[in-house]
Amino acid sequence: MVSKEPALLSDLTNTRTIRQNPAMQVTDLCSVEELDVEHTVVCGQTFRWRQDVDRWWSCFLTESVTRRPFLVRLHFENGRVLCQADPNDLPCIRSYFRLEVDLAQLTEEFLGADPNIAPAVAAFPGLRVLRQDPVECLFSFLCTSAAPLHRIRKGIDGLCRLLGERHDGPLGEPHFAFPTPERIAETEIADLQALGVGYRARYLQATARQVVAHGGAPWLLALRDAPYEDAKAALLTLTGVGEKIADCVCLFCLDKDAAIPVDTHVRQIAERYYLQGAAPKSLTKNSYALIGDTIRNRFGPMAGWAQQYLFYADTFEKKAWSAYEAQYRCGVVGEPK
DNA sequence: ATGATACCTCC
DNA sequence: GAGGTATCA
């Protein structure tokens with residue numbers, strides 16, 4: 001599997017070089033009860049995090065307003081989350097993980113609203129919904145339709161390597177920023193398809209052109225200030241964006257905490273707990289809304305977070321964690337198992 | 001409005 | 001067949 005993509009070997013993050021970068025400092029970010037880094041970055045809301053050889057989790061993120069890329073590395077030790085980053089980037093990192101949300105209070109409210117969520121909350125304390133950069137979130141989720149996790153990660157990684165701005169570390173280790181809509185818009189469909197994203201290549205180019213026509217990244221970011229319904233409606237006009245992906249983008253980067261992305265897992269959960277007998281046979285526009293409304297009625301305006309606990313606990317049960325985790329290890333992206 | 005099918009790719 | 005969408009009946 002290594003011989004298939006030898007180029008990746010040279011791209012492994014050399015943690016020593018990062019430690020030698022004087023701008024990178026280790027900070028005590030918060031407690032592990034406040035943030036479970038590992039499950040938060042592998043629970044299906046973001047796809048570019050990886051575990052370096054020293055087991056620190058790392059990602060090359062983009063600040064949503066300034067479009068400035070920056071490196072983050074996180075690790076947990078003695079009940080604390082340690083953060084290795086440029087101190088100037090700490091506010092961005094706190095914002096990304098939405099540490100302003102009082103998770104203890106929120107999960108307490110969820111438990112009061114519905115005891116069915118107790119096992120999920122108990123299994124993953126510290127699991128959070130992110131505030132990602134909308135550009136990365138939208139174009140990432142365009143790659144997710146009917147695709148397994150390793151394919152999603154490979155496609156997104158390829159997209160960044162092909163079109164993302166390259167930033168070299170102190171000893172030349174490369175980091176690729178997520179590409180701009182403009183860059184994706186000017187790329188041939190065939191070149192995008194060569195990344196292994198299949199028919200989603202057409203969606204990437206079409207949506208990139210539509211976003212650029214609307215004003216680019218700032219237009220997407222402005223949806224954060226719009227009501228959920230308006231933001232979702234705007235996203236639904238984009239090619240390749242249906243209800244599920246629109247809700248993923250709303251929830252995972254636009255602060256729309258009531259958004260419920262409904263897939264087969266969430267549908268099964270809704271059937272099991274709330275809709276016995278009255279369960280819809282298929283996922284139509286109406287049944288999609290019914291399931292979302294059911295969960296919103298139960299958990300209120302932060303229902304999207306409740307959905308994430310229920311969803312992840314359900315999928316986690318079905319896959320052995322070791323097999324799951326292996327896809328993230330050592331930064332080797334793109335190869336399954 | 002609901003239901004069926006094709007669309008890339010690869011295990 | 002897979003964590004979905006566009007298209008057409």
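Sequence lines set the chain letters: A, B, ... in the order given, protein chains first and strands last, and positions in each chain run from 1.
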Exercise. When you measure from the side chain of A/Gln307 to the backbone N and O of A/Gly304, does any donor-acceptor pair fall under 3.5 Å?
Worked result: yes
Exercise. From the list C/dT5, B/dA1, B/dG3, which nucleotide is the closest neighbour of the side chain of A/Asn286?
Worked result: B/dA1
For this session: Report which part of the nucleic acid A/Leu238 touches: base, sugar-phosphate, or nothing (heavy-atom distance under 4.0 Å, all strands).
Result: sugar-phosphate
Problem set entry | Closest to side chain of A/Ala146, choosing from C/dG4, B/dT2, C/dG3 | C/dG4
Seminar exercise, completed: On DNA chain C, more 5' by nearest nucleotide between A/Ile152 and A/Thr239 is A/Ile152
Exercise. Taking atom C1' of C/dA2 as reference, at what distance in whole Å does atom CZ of A/Arg153 sit?
Worked result: 18 Å
Exercise. Rounding to the closest angstrom, what is the interatomic distance between C/dT5 and B/dC10 at atom P?
Worked result: 22 Å
For this session: Mark yes or no: A/Arg183 above the aromatic ring of A/Phe178, with NZ or CZ under 6.0 Å from the six-membered ring centre and no more than 45 degrees from the axis.
Result: no
For this session: Give the ring-plane orientation class for A/Phe299 versus A/Phe110, where under 30° counts as parallel, over 60° as perpendicular and anything between as tilted.
Result: perpendicular
For this session: Ignoring hydrogens and angles, answer whether the base of C/dG4 and the side-chain atoms of A/Tyr288 contain a donor-acceptor pair closer than 3.5 Å.
Result: no
Exercise. Nearest of C/dG3, C/dG4, B/dC10 to any side-chain atom of A/Ile245?
Worked result: C/dG4
Seminar exercise, completed: Which of C/dT5, B/dT2, B/dC10 is nearest the side chain of A/Tyr203? It is C/dT5
Exercise. Tell me: CG of A/Leu236 to P of C/dT5, nearest whole Å?
Worked result: 9 Å
For this session: State which of B/dC8, B/dT2, C/dT5 makes the closest approach to the side chain of A/Gln193.
Result: B/dC8
Problem set entry | Length of the CD-C1' vector between A/Gln268 and C/dA2, whole Å | 14 Å
Exercise. Are A/Thr284 and B/dA1 close enough that a side-chain N or O sits under 4.0 Å from OP1 or OP2?
Worked result: no
Exercise. Closest approach of A/Gly126 and A/Thr40, non-hydrogen atoms and distance?
Worked result: O-OG1, 3.5 Å
Exercise. What orientation do A/Phe252 and A/Phe141 show, parallel under 30°, tilted 30 to 60°, or perpendicular over 60°?
Worked result: parallel
Problem set entry | salt_bridge(A/Arg296, A/Asp257) N-O dist < 4.0 Å | no
For this session: Specify the separation, in whole Å, of atom CG of A/Asp263 and atom C1' of C/dG1.
Result: 16 Å
Seminar exercise, completed: Rounded to whole Å, the NZ-P distance (A/Lys285 to B/dA4) equals 20 Å
Exercise. If you check every side-chain atom of A/Arg202, which of C/dG4, C/dA6, C/dG3 has the closest atom?
Worked result: C/dA6
For this session: Go ahead and write out DNA chain B as dot-bracket, 5' to 3': ( ) for pairs within the strand, [ ] for ones crossing earlier pairs, | when the partner sits on another strand, dots for unpaired; Watson-Crick or G-U wobble, both distances under 3.5 Å.
Result: ..|||||.||.
For this session: Measure from CD on A/Gln307 to C1' on C/dG3 and round the result to the nearest Å.
Result: 11 Å
Problem set entry | Rounded interatomic separation in angstrom, taking CD1 from A/Ile156 and P from C/dG3 | 15 Å
Exercise. Rounding to a whole Å, what distance do you find between A/Leu142:CG and C/dG4:P?
Worked result: 13 Å
Exercise. Of the nucleotides C/dT5, B/dG3, B/dT9, which one has an atom closest to the side chain of A/Arg151?
Worked result: B/dT9
Exercise. Which word best sums up how the rings of A/Phe124 and A/Tyr312 line up, parallel for under 30°, tilted for 30 to 60°, or perpendicular for over 60°?
Worked result: tilted
For this session: Could you say whether the aromatic ring of A/Tyr199 and the base of B/dC8 stack, counting only centre distances under 5.5 Å and plane angles under 30°?
Result: no
For this session: Check whether any side-chain heavy atom of A/Arg67 sits under 4.5 Å from a side-chain heavy atom of A/Asp133, and report yes or no.
Result: yes
For this session: Name the residue closer to the 5' end of DNA chain C, choosing between A/Val241 and A/Arg200 according to the nucleotide with the nearest heavy atom.
Result: A/Arg200
Exercise. At under 4.0 Å between heavy atoms, what does A/Gly240 touch on the DNA or RNA strands: base, sugar-phosphate, or nothing?
Worked result: sugar-phosphate
